[in-house]
Amino acid sequence: MNKKLFAALFVSASLSAMSLDETIQKALLHNNSLKKISLEIEQSKQNRASKKAQNFGRIDLLANYDHYNNARTLSPLTPMDIVGSQDGAYKIPTTNDLATAGLAYNVVLFNGYAQQNSYKISDILYKNSIIKSKLGKEELIYNVRTLYLSLLSLDEQLQAQQAYTKSQFQLYKKITAAYKLGSKSKLDTLKAKNSYEASFANERTLVANIEILRATLTNIIGGENFSNEEPISIRIDETKVGSLDVENLERYKLYALKSDIAKKRVNSAYSSYYPKIDFSSYYGYSMGPNATTNTSPLTNKTYINEGDFNNETIWQLGVHLKWNLYDFGAKSSLVEKEKLAYLSSKLEQEDIKLEIDKNLKIATSKLDLARAQYNSASSEFELLREISKVEQVKYENNAVTLTDLLDSRAKAELAYAKMISSKYEFQKARFYIDYLLERGEKK
(Lines give C-alpha, C1' and ligand atoms only; values in the text may rest on other atoms or scores of the structure.)
Protein backbone atom coordinates (compact mmCIF):
# COMPACT_ATOMS: atom_id res chain seq x y z
CA MET A 1 0.00 0.00 0.00
CA ASN A 2 2.83 2.36 0.90
CA LYS A 3 4.59 1.57 -2.37
CA LYS A 4 1.44 2.40 -4.33
CA LEU A 5 1.02 5.68 -2.48
CA PHE A 6 4.64 6.58 -3.14
CA ALA A 7 4.22 5.75 -6.84
CA ALA A 8 1.10 7.92 -7.05
CA LEU A 9 2.89 10.83 -5.41
CA PHE A 10 5.86 10.40 -7.75
CA VAL A 11 3.62 10.46 -10.84
CA SER A 12 1.79 13.55 -9.51
CA ALA A 13 5.07 15.38 -8.89
CA SER A 14 6.30 14.48 -12.39
CA LEU A 15 3.13 15.80 -13.99
CA SER A 16 3.39 19.10 -12.07
CA ALA A 17 7.08 19.58 -12.90
CA MET A 18 7.89 22.74 -14.83
CA SER A 19 10.41 22.29 -17.65
CA LEU A 20 13.31 24.68 -18.17
CA ASP A 21 11.74 26.14 -21.34
CA GLU A 22 8.41 26.66 -19.55
CA THR A 23 10.16 28.37 -16.67
CA ILE A 24 12.00 30.71 -19.05
CA GLN A 25 8.78 31.61 -20.90
CA LYS A 26 6.94 32.35 -17.65
CA ALA A 27 9.84 34.53 -16.50
CA LEU A 28 9.84 36.46 -19.79
CA LEU A 29 6.08 37.04 -19.46
CA HIS A 30 5.75 37.81 -15.76
CA ASN A 31 9.08 39.05 -14.41
CA ASN A 32 8.61 42.53 -12.91
CA SER A 33 12.14 43.74 -13.71
CA LEU A 34 11.52 43.00 -17.39
CA LYS A 35 8.16 44.79 -17.22
CA LYS A 36 9.92 47.87 -15.83
CA ILE A 37 12.33 47.83 -18.77
CA SER A 38 9.33 47.67 -21.15
CA LEU A 39 7.90 50.74 -19.44
CA GLU A 40 11.24 52.51 -19.91
CA ILE A 41 11.01 51.78 -23.66
CA GLU A 42 7.58 53.41 -23.77
CA GLN A 43 8.86 56.37 -21.72
CA SER A 44 11.77 56.94 -24.10
CA LYS A 45 9.40 56.62 -27.07
CA GLN A 46 7.14 59.31 -25.64
CA ASN A 47 10.14 61.49 -24.85
CA ARG A 48 11.26 61.21 -28.47
CA ALA A 49 7.76 62.19 -29.66
CA SER A 50 7.84 65.18 -27.31
CA LYS A 51 11.20 66.36 -28.65
CA LYS A 52 9.95 66.06 -32.24
CA ALA A 53 6.79 68.02 -31.44
CA GLN A 54 8.84 70.87 -29.97
CA ASN A 55 10.17 71.64 -33.46
CA PHE A 56 6.68 72.78 -34.47
CA GLY A 57 6.33 75.31 -31.67
CA ARG A 58 3.31 75.73 -29.43
CA ILE A 59 -0.15 77.35 -29.44
CA ASP A 60 -1.36 78.85 -26.16
CA LEU A 61 -4.72 80.19 -25.09
CA LEU A 62 -4.17 83.41 -23.14
CA ALA A 63 -6.71 85.18 -20.94
CA ASN A 64 -6.27 88.00 -18.40
CA TYR A 65 -8.41 90.24 -16.23
CA ASP A 66 -7.02 93.36 -14.52
CA HIS A 67 -8.69 96.12 -12.50
CA TYR A 68 -6.94 99.53 -12.61
CA ASN A 69 -7.39 102.64 -10.49
CA ASN A 70 -7.04 104.74 -13.67
CA ALA A 71 -8.90 103.89 -16.86
CA ARG A 72 -6.99 102.23 -19.70
CA THR A 73 -7.61 102.16 -23.44
CA LEU A 74 -8.46 98.82 -24.97
CA SER A 75 -5.56 98.97 -27.41
CA PRO A 76 -2.34 100.97 -27.91
CA LEU A 77 -2.96 104.35 -29.61
CA THR A 78 -0.94 106.69 -31.79
CA PRO A 79 -1.27 110.51 -31.61
CA MET A 80 -3.17 110.53 -34.91
CA ASP A 81 -5.78 108.16 -33.43
CA ILE A 82 -6.51 110.84 -30.87
CA VAL A 83 -6.31 114.08 -32.92
CA GLY A 84 -7.18 112.65 -36.33
CA SER A 85 -10.70 114.17 -36.12
CA GLN A 86 -12.48 116.87 -34.14
CA ASP A 87 -14.12 114.34 -31.81
CA GLY A 88 -11.44 111.66 -32.12
CA ALA A 89 -10.64 111.44 -28.42
CA TYR A 90 -14.32 110.94 -27.50
CA LYS A 91 -14.65 107.96 -29.79
CA ILE A 92 -11.99 106.00 -27.89
CA PRO A 93 -13.34 103.57 -25.27
CA THR A 94 -11.60 103.22 -21.91
CA THR A 95 -12.10 100.87 -18.96
CA ASN A 96 -11.00 100.23 -15.39
CA ASP A 97 -11.77 96.50 -15.79
CA LEU A 98 -9.68 95.27 -18.69
CA ALA A 99 -10.06 91.69 -19.95
CA THR A 100 -8.05 90.11 -22.76
CA ALA A 101 -8.39 86.75 -24.50
CA GLY A 102 -6.59 85.30 -27.50
CA LEU A 103 -4.31 82.70 -29.06
CA ALA A 104 -0.52 82.92 -29.20
CA TYR A 105 1.79 80.87 -31.41
CA ASN A 106 5.54 80.66 -30.76
CA VAL A 107 8.20 78.63 -32.54
CA VAL A 108 12.00 78.56 -32.51
CA LEU A 109 13.33 79.19 -36.00
CA PHE A 110 17.00 78.67 -35.22
CA ASN A 111 18.97 77.96 -32.05
CA GLY A 112 22.24 76.59 -33.33
CA TYR A 113 20.72 73.16 -34.09
CA ALA A 114 20.18 72.54 -30.35
CA GLN A 115 16.63 71.29 -30.89
CA GLN A 116 17.69 68.99 -33.73
CA ASN A 117 20.43 67.51 -31.54
CA SER A 118 17.99 67.15 -28.68
CA TYR A 119 15.68 65.10 -30.90
CA LYS A 120 18.58 62.97 -32.17
CA ILE A 121 19.63 62.26 -28.58
CA SER A 122 16.08 61.22 -27.67
CA ASP A 123 16.01 58.91 -30.68
CA ILE A 124 19.29 57.29 -29.59
CA LEU A 125 17.93 56.92 -26.05
CA TYR A 126 14.91 55.11 -27.51
CA LYS A 127 17.19 52.69 -29.39
CA ASN A 128 19.23 52.39 -26.20
CA SER A 129 16.16 51.30 -24.22
CA ILE A 130 15.32 48.64 -26.83
CA ILE A 131 18.84 47.20 -26.54
CA LYS A 132 18.56 47.25 -22.74
CA SER A 133 15.35 45.23 -23.07
CA LYS A 134 17.11 42.61 -25.21
CA LEU A 135 20.03 42.41 -22.79
CA GLY A 136 17.60 42.23 -19.87
CA LYS A 137 15.93 39.22 -21.45
CA GLU A 138 19.30 37.55 -22.05
CA GLU A 139 20.32 38.13 -18.44
CA LEU A 140 16.96 36.84 -17.16
CA ILE A 141 17.23 33.69 -19.29
CA TYR A 142 20.77 33.08 -18.04
CA ASN A 143 19.73 33.56 -14.40
CA VAL A 144 16.78 31.17 -14.78
CA ARG A 145 18.97 28.57 -16.46
CA THR A 146 21.65 28.85 -13.78
CA LEU A 147 19.14 28.51 -10.94
CA TYR A 148 17.41 25.63 -12.68
CA LEU A 149 20.71 23.76 -13.16
CA SER A 150 21.63 24.39 -9.53
CA LEU A 151 18.29 22.86 -8.54
CA LEU A 152 18.84 19.79 -10.73
CA SER A 153 22.34 19.41 -9.32
CA LEU A 154 21.01 19.52 -5.76
CA ASP A 155 18.20 17.08 -6.70
CA GLU A 156 20.73 14.59 -8.01
CA GLN A 157 23.01 15.10 -5.03
CA LEU A 158 20.02 14.58 -2.71
CA GLN A 159 19.13 11.30 -4.42
CA ALA A 160 22.73 10.14 -4.05
CA GLN A 161 22.83 11.33 -0.44
CA GLN A 162 19.59 9.48 0.36
CA ALA A 163 21.00 6.30 -1.14
CA TYR A 164 24.21 6.81 0.87
CA THR A 165 22.22 7.43 4.07
CA LYS A 166 20.24 4.26 3.45
CA SER A 167 23.42 2.22 2.94
CA GLN A 168 24.95 3.73 6.08
CA PHE A 169 21.83 2.85 8.04
CA GLN A 170 21.98 -0.72 6.74
CA LEU A 171 25.63 -0.89 7.78
CA TYR A 172 24.72 0.46 11.23
CA LYS A 173 21.99 -2.19 11.62
CA LYS A 174 24.39 -4.94 10.52
CA ILE A 175 27.11 -3.80 12.94
CA THR A 176 24.55 -3.47 15.76
CA ALA A 177 23.41 -7.04 15.16
CA ALA A 178 27.03 -8.21 15.04
CA TYR A 179 27.74 -6.34 18.29
CA LYS A 180 24.89 -8.21 20.02
CA LEU A 181 26.46 -11.47 18.84
CA GLY A 182 29.83 -10.30 20.14
CA SER A 183 31.69 -10.11 16.82
CA LYS A 184 31.86 -6.28 16.64
CA SER A 185 32.82 -3.72 19.26
CA LYS A 186 30.69 -1.02 20.87
CA LEU A 187 33.00 1.58 19.30
CA ASP A 188 32.18 0.32 15.79
CA THR A 189 28.49 0.67 16.59
CA LEU A 190 28.94 4.29 17.68
CA LYS A 191 31.06 5.12 14.62
CA ALA A 192 28.48 3.62 12.26
CA LYS A 193 25.65 5.50 13.96
CA ASN A 194 27.56 8.78 13.79
CA SER A 195 28.25 8.26 10.07
CA TYR A 196 24.56 7.53 9.43
CA GLU A 197 23.36 10.62 11.35
CA ALA A 198 25.93 12.87 9.62
CA SER A 199 24.69 11.67 6.24
CA PHE A 200 21.07 12.32 7.28
CA ALA A 201 22.03 15.86 8.37
CA ASN A 202 23.52 16.47 4.91
CA GLU A 203 20.18 15.40 3.43
CA ARG A 204 18.36 18.06 5.43
CA THR A 205 20.85 20.70 4.30
CA LEU A 206 20.31 19.76 0.65
CA VAL A 207 16.50 19.86 1.07
CA ALA A 208 16.72 23.34 2.63
CA ASN A 209 18.91 24.63 -0.22
CA ILE A 210 16.49 23.19 -2.78
CA GLU A 211 13.57 25.03 -1.18
CA ILE A 212 15.56 28.29 -1.17
CA LEU A 213 16.28 27.99 -4.90
CA ARG A 214 12.65 27.13 -5.67
CA ALA A 215 11.52 30.20 -3.75
CA THR A 216 13.98 32.31 -5.76
CA LEU A 217 12.60 30.95 -9.05
CA THR A 218 9.05 31.59 -7.82
CA ASN A 219 9.99 35.24 -7.38
CA ILE A 220 11.67 35.47 -10.79
CA ILE A 221 8.68 34.03 -12.69
CA GLY A 222 6.35 36.58 -11.13
CA GLY A 223 4.98 34.77 -8.07
CA GLU A 224 3.61 31.55 -9.60
CA ASN A 225 4.59 28.74 -7.27
CA PHE A 226 7.59 26.78 -8.58
CA SER A 227 7.39 23.42 -6.80
CA ASN A 228 9.17 20.92 -9.01
CA GLU A 229 11.75 20.79 -11.79
CA GLU A 230 12.17 18.49 -14.76
CA PRO A 231 15.53 16.75 -15.46
CA ILE A 232 17.41 17.72 -18.62
CA SER A 233 19.91 15.79 -20.68
CA ILE A 234 23.51 17.01 -20.47
CA ARG A 235 26.14 15.82 -22.92
CA ILE A 236 29.78 16.42 -22.05
CA ASP A 237 31.39 17.12 -25.41
CA GLU A 238 34.13 19.17 -27.02
CA THR A 239 32.14 22.40 -27.44
CA LYS A 240 33.82 24.99 -29.66
CA VAL A 241 33.00 28.69 -29.30
CA GLY A 242 34.20 29.81 -32.72
CA SER A 243 35.02 33.32 -33.90
CA LEU A 244 33.29 36.36 -32.48
CA ASP A 245 32.52 39.77 -33.97
CA VAL A 246 32.18 41.89 -30.83
CA GLU A 247 30.82 44.91 -32.69
CA ASN A 248 27.69 42.95 -33.67
CA LEU A 249 26.79 42.26 -30.05
CA GLU A 250 24.03 44.37 -28.49
CA ARG A 251 26.16 44.90 -25.38
CA TYR A 252 28.82 46.62 -27.49
CA LYS A 253 26.20 48.56 -29.47
CA LEU A 254 24.84 49.91 -26.18
CA TYR A 255 28.17 51.59 -25.44
CA ALA A 256 28.49 52.74 -29.06
CA LEU A 257 25.12 54.51 -28.67
CA LYS A 258 26.31 56.10 -25.41
CA SER A 259 29.27 57.45 -27.35
CA ASP A 260 26.93 58.82 -30.04
CA ILE A 261 24.90 60.59 -27.35
CA ALA A 262 28.06 62.14 -25.93
CA LYS A 263 29.02 63.36 -29.41
CA LYS A 264 25.59 64.92 -29.94
CA ARG A 265 25.93 66.70 -26.60
CA VAL A 266 29.18 68.23 -27.80
CA ASN A 267 27.27 69.60 -30.81
CA SER A 268 24.54 70.88 -28.50
CA ALA A 269 27.15 72.70 -26.43
CA TYR A 270 28.48 74.39 -29.59
CA SER A 271 24.98 75.67 -30.34
CA SER A 272 25.42 78.31 -27.63
CA TYR A 273 27.83 80.11 -30.01
CA TYR A 274 25.02 80.70 -32.53
CA PRO A 275 22.20 83.26 -32.37
CA LYS A 276 18.73 82.27 -31.21
CA ILE A 277 15.89 83.28 -33.55
CA ASP A 278 12.23 82.73 -32.76
CA PHE A 279 8.87 83.72 -34.25
CA SER A 280 5.86 84.76 -32.18
CA SER A 281 2.30 85.79 -33.06
CA TYR A 282 -0.86 86.73 -31.21
CA TYR A 283 -4.48 87.21 -32.16
CA GLY A 284 -7.14 88.16 -29.62
CA TYR A 285 -9.52 90.66 -28.11
CA SER A 286 -9.25 93.37 -25.49
CA MET A 287 -12.57 94.23 -23.80
CA GLY A 288 -14.30 95.86 -20.87
CA PRO A 289 -17.11 98.27 -19.75
CA ASN A 290 -16.53 101.92 -20.60
CA ALA A 291 -15.21 103.94 -17.65
CA THR A 292 -17.04 107.23 -18.50
CA THR A 293 -19.74 108.75 -20.70
CA ASN A 294 -17.89 110.16 -23.73
CA THR A 295 -19.79 113.35 -24.83
CA SER A 296 -18.15 115.87 -27.13
CA PRO A 297 -18.52 119.47 -25.76
CA LEU A 298 -18.21 120.84 -29.30
CA THR A 299 -21.00 118.84 -30.89
CA ASN A 300 -22.79 117.82 -27.70
CA LYS A 301 -22.87 114.27 -29.15
CA THR A 302 -22.44 111.22 -26.92
CA TYR A 303 -20.33 108.54 -28.55
CA ILE A 304 -20.07 106.02 -25.69
CA ASN A 305 -22.08 105.73 -22.52
CA GLU A 306 -20.59 104.73 -19.18
CA GLY A 307 -20.85 100.94 -18.76
CA ASP A 308 -21.14 100.21 -22.48
CA PHE A 309 -19.21 97.03 -23.24
CA ASN A 310 -16.55 97.54 -25.92
CA ASN A 311 -13.88 95.35 -27.50
CA GLU A 312 -10.91 95.78 -29.79
CA THR A 313 -9.15 93.22 -31.99
CA ILE A 314 -5.43 92.89 -31.19
CA TRP A 315 -2.90 90.99 -33.30
CA GLN A 316 0.83 90.98 -33.75
CA LEU A 317 3.63 89.14 -35.56
CA GLY A 318 7.25 89.20 -34.48
CA VAL A 319 10.70 87.74 -35.16
CA HIS A 320 13.25 88.00 -32.36
CA LEU A 321 16.99 87.46 -32.29
CA LYS A 322 19.19 86.93 -29.27
CA TRP A 323 22.93 86.36 -29.62
CA ASN A 324 25.23 85.98 -26.68
CA LEU A 325 28.47 87.81 -27.47
CA TYR A 326 30.40 87.15 -24.27
CA ASP A 327 29.68 85.16 -21.10
CA PHE A 328 33.11 85.13 -19.40
CA GLY A 329 34.02 81.62 -20.60
CA ALA A 330 30.79 79.77 -19.73
CA LYS A 331 30.24 78.51 -23.31
CA SER A 332 33.79 77.33 -23.83
CA SER A 333 33.83 75.52 -20.46
CA LEU A 334 30.61 73.73 -21.34
CA VAL A 335 32.03 72.63 -24.70
CA GLU A 336 35.22 71.33 -23.07
CA LYS A 337 33.18 69.46 -20.45
CA GLU A 338 31.14 67.67 -23.13
CA LYS A 339 34.28 66.91 -25.15
CA LEU A 340 35.84 65.23 -22.12
CA ALA A 341 32.63 63.24 -21.57
CA TYR A 342 32.80 62.13 -25.21
CA LEU A 343 36.42 60.98 -24.84
CA SER A 344 35.43 59.09 -21.69
CA SER A 345 32.60 57.34 -23.57
CA LYS A 346 35.02 56.24 -26.30
CA LEU A 347 37.29 54.72 -23.64
CA GLU A 348 34.28 52.90 -22.14
CA GLN A 349 33.45 51.61 -25.60
CA GLU A 350 36.97 50.23 -25.95
CA ASP A 351 36.87 48.79 -22.41
CA ILE A 352 33.63 46.88 -23.01
CA LYS A 353 35.14 45.37 -26.15
CA LEU A 354 38.12 44.11 -24.15
CA GLU A 355 35.87 42.96 -21.30
CA ILE A 356 33.63 40.90 -23.60
CA ASP A 357 36.70 39.25 -25.10
CA LYS A 358 38.10 38.56 -21.61
CA ASN A 359 34.83 37.13 -20.30
CA LEU A 360 34.52 34.85 -23.31
CA LYS A 361 38.03 33.49 -22.72
CA ILE A 362 37.22 32.94 -19.04
CA ALA A 363 33.97 31.16 -19.94
CA THR A 364 35.80 28.91 -22.41
CA SER A 365 38.38 28.08 -19.75
CA LYS A 366 35.61 27.28 -17.25
CA LEU A 367 34.01 25.01 -19.83
CA ASP A 368 37.27 23.13 -20.38
CA LEU A 369 37.89 22.95 -16.63
CA ALA A 370 34.40 21.57 -15.90
CA ARG A 371 34.86 18.95 -18.64
CA ALA A 372 38.22 17.90 -17.21
CA GLN A 373 36.83 17.83 -13.65
CA TYR A 374 33.89 15.69 -14.75
CA ASN A 375 36.12 13.17 -16.52
CA SER A 376 38.47 13.10 -13.54
CA ALA A 377 35.66 12.73 -11.00
CA SER A 378 34.03 9.96 -13.08
CA SER A 379 37.26 7.95 -13.16
CA GLU A 380 37.91 8.65 -9.50
CA PHE A 381 34.40 7.56 -8.52
CA GLU A 382 34.66 4.25 -10.42
CA LEU A 383 37.97 3.47 -8.70
CA LEU A 384 36.80 4.50 -5.24
CA ARG A 385 33.55 2.55 -5.62
CA GLU A 386 35.54 -0.61 -6.35
CA ILE A 387 37.88 0.13 -3.43
CA SER A 388 34.83 0.60 -1.17
CA LYS A 389 33.49 -2.82 -2.20
CA VAL A 390 36.83 -4.41 -1.40
CA GLU A 391 36.99 -2.58 1.94
CA GLN A 392 33.48 -3.90 2.75
CA VAL A 393 34.64 -7.49 2.22
CA LYS A 394 37.80 -6.89 4.25
CA TYR A 395 35.86 -5.37 7.12
CA GLU A 396 33.45 -8.29 7.23
CA ASN A 397 36.50 -10.54 7.52
CA ASN A 398 38.06 -8.26 10.17
CA ALA A 399 40.97 -7.41 7.86
CA VAL A 400 40.45 -3.62 8.18
CA THR A 401 38.88 -1.34 10.75
CA LEU A 402 35.47 0.32 10.43
CA THR A 403 37.27 3.65 10.09
CA ASP A 404 38.94 2.39 6.90
CA LEU A 405 35.59 1.24 5.52
CA LEU A 406 33.79 4.50 6.36
CA ASP A 407 36.66 6.51 4.93
CA SER A 408 36.54 4.63 1.62
CA ARG A 409 32.78 5.06 1.41
CA ALA A 410 33.00 8.77 2.18
CA LYS A 411 35.66 9.27 -0.49
CA ALA A 412 33.52 7.48 -3.08
CA GLU A 413 30.50 9.58 -2.10
CA LEU A 414 32.55 12.78 -2.34
CA ALA A 415 33.83 11.81 -5.79
CA TYR A 416 30.26 11.14 -6.93
CA ALA A 417 29.14 14.56 -5.64
CA LYS A 418 32.05 16.17 -7.52
CA MET A 419 31.04 14.33 -10.68
CA ILE A 420 27.46 15.60 -10.38
CA SER A 421 28.58 19.15 -9.63
CA SER A 422 31.11 19.29 -12.50
CA LYS A 423 28.48 17.97 -14.94
CA TYR A 424 26.14 20.86 -14.16
CA GLU A 425 29.01 23.36 -13.99
CA PHE A 426 29.87 22.32 -17.54
CA GLN A 427 26.31 23.09 -18.66
CA LYS A 428 26.35 26.39 -16.74
CA ALA A 429 29.53 27.36 -18.59
CA ARG A 430 27.74 26.56 -21.87
CA PHE A 431 24.81 28.78 -20.88
CA TYR A 432 27.20 31.55 -19.84
CA ILE A 433 28.78 31.47 -23.29
CA ASP A 434 25.28 31.70 -24.80
CA TYR A 435 24.66 34.71 -22.54
CA LEU A 436 27.89 36.41 -23.62
CA LEU A 437 27.13 35.74 -27.28
CA GLU A 438 23.51 36.91 -26.75
CA ARG A 439 21.94 33.80 -28.19
CA GLY A 440 20.05 32.61 -25.10
CA GLU A 441 16.67 33.79 -26.41
CA LYS A 442 17.28 32.03 -29.74
CA LYS A 443 17.70 28.62 -28.10
Between the main-chain N or O of [Y] and the side-chain N or O of [X], is there a donor-acceptor pair closer than 3.5 Å?
X	Y	answer
Ser272	Ala269	yes
Glu229	Leu151	no
Tyr148	Asp21	no
Ser376	Gln373	no
Thr165	Gln161	yes
Ser167	Tyr164	yes
Arg214	Ser227	yes
Ser118	Ala114	no
Trp323	Tyr273	yes
Ser421	Ala417	no

Do [X] and [Y] come close enough that some side-chain heavy atom pair is under 4.5 Å?
X	Y	value
Asp66	Thr100	no
Tyr432	Asn359	yes
Tyr282	Ile314	yes
Tyr126	Ile41	yes
Glu386	Val390	no
Phe279	Ile277	no
Ser185	Tyr179	no
Ile232	Leu149	yes

Would you call [X] and [Y] a salt bridge, taking side-chain N to carboxylate O under 4.0 Å as the test?
X	Y	answer
Lys264	Asp260	no
Arg385	Glu382	yes
Glu224	Lys26	yes
Asp407	Lys411	yes
Arg371	Asp368	yes
Lys353	Asp357	no
Lys276	Asp278	no
Lys418	Glu380	yes

Test side-chain contact (heavy atoms from CB on, under 4.5 Å) applied to Ile352 and Glu348, step by step | CA-CA 6 Å; Ile352 195 63; Glu348 287 181 359; over 6 Å; no
Value rounded to 0.5 Å, distance of [atom1] in [X] from [atom2] in [Y]:
X	Y	atom1	atom2	result
Asp155	Leu206	CG	CG	9.5 Å
Glu413	Ser408	CD	OG	12.0 Å
Ser129	Lys134	OG	NZ	10.5 Å
Leu74	Thr95	CG	OG1	6.5 Å
Ser422	Ile236	OG	CD1	7.0 Å
Leu125	Gln43	CG	CD	12.0 Å

Does the gap between the ring centers of Tyr142 and Phe431 come in under 6.0 Å?
->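 They do not qualify: ring centres at least 6.0 Å apart.
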Please find out if less than 6.0 Å separates the ring center of Tyr326 from that of Phe328.
->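 Ring centroids of Tyr326 and Phe328 are less than 6.0 Å from each other.
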With distance as the sole criterion, is a donor-acceptor pair present between the side chains of [X] and [Y] under 3.5 Å?
X	Y	result
Arg409	Gln168	yes
Tyr252	Gln349	yes
Ser150	Lys428	yes

Check [X] against [Y] and note the closest heavy-atom contact, atom names and distance.
X	Y	value
Leu147	Leu213	CD2-CD2, 3.6 Å
Gly136	Leu34	C-CD1, 3.8 Å
Phe226	Thr218	N-OG1, 3.0 Å
Leu257	Ile124	O-CG2, 3.6 Å
Lys253	Ile131	CB-CD1, 4.0 Å
Ala27	Leu140	O-CD2, 3.5 Å

Tyr283 and Thr313: CA distance, side-chain angles, deciding distance, side-chain contact (heavy atoms from CB on, under 4.5 Å) verdict | CA-CA 8 Å; Tyr283 185 91; Thr313 300; 3.5 Å; yes
Residues, nucleotides or ligands: over 12 heavy atoms within 6.0 Å of Tyr68 OH |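 Atom OH in Tyr68 is crowded, with more than 12 foreign heavy atoms closer than 6.0 Å.
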Give a yes or no on this: more than 12 heavy atoms of other residues, nucleotides or ligands lie within 6.0 Å of atom CZ of Arg204.
->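 Counting neighbours around CZ of Arg204, more than 12 heavy atoms of other residues, nucleotides or ligands fall under 6.0 Å, so yes.
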Verify salt bridge (charged side-chain N to carboxylate O under 4.0 Å, His left out) between Lys358 and Glu355, making sure each step is shown before the conclusion.
-> CA-CA 5 Å; Lys358 179 199 73 174; Glu355 186 179 346; 5.3 Å; no
Charged tip of Lys193 within 45° of Tyr196 ring normal and under 6.0 Å =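 Pair Lys193/Tyr196 does not count as cation-pi.
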Geometric cation-pi criterion Arg251 and Tyr435, 6.0 Å radius, 45° cone |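 Flagged: Arg251 positioned over aromatic ring of Tyr435.
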Please lay out, stage by stage, how Leu406 and Leu171 fare under the test side-chain contact (heavy atoms from CB on, under 4.5 Å).
-> CA-CA 10 Å; Leu406 293 177; Leu171 178 63; 3.9 Å; yes
In sequence, state the C-alpha distance, the side-chain angles, and the governing distance for Lys132 and Asn128, and then conclude on side-chain contact (heavy atoms from CB on, under 4.5 Å).
-> CA-CA 6 Å; Lys132 281 184 177 180; Asn128 190 301; 3.3 Å; yes
Under the side chain to side chain donor-acceptor pair (under 3.5 Å) rule, what do Gln157 and Ser153 come out as? Steps first, then yes or no, please.
-> CA-CA 6 Å; Gln157 289 179 51; Ser153 177; 2.9 Å; yes
Does any pair with a residue in residues 29-40 pass side chain to side chain donor-acceptor pair (under 3.5 Å), and if so which ones, sequence neighbours excluded?
->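 Applying side chain to side chain donor-acceptor pair (under 3.5 Å) to every pair that reaches into residues 29-40, excluding sequence neighbours, yields nothing.
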Among residues two or more places apart or on two chains, list those pairs meeting side chain to side chain donor-acceptor pair (under 3.5 Å) that have a residue in residues 101-116.
->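 Output for this query is empty, none listed.
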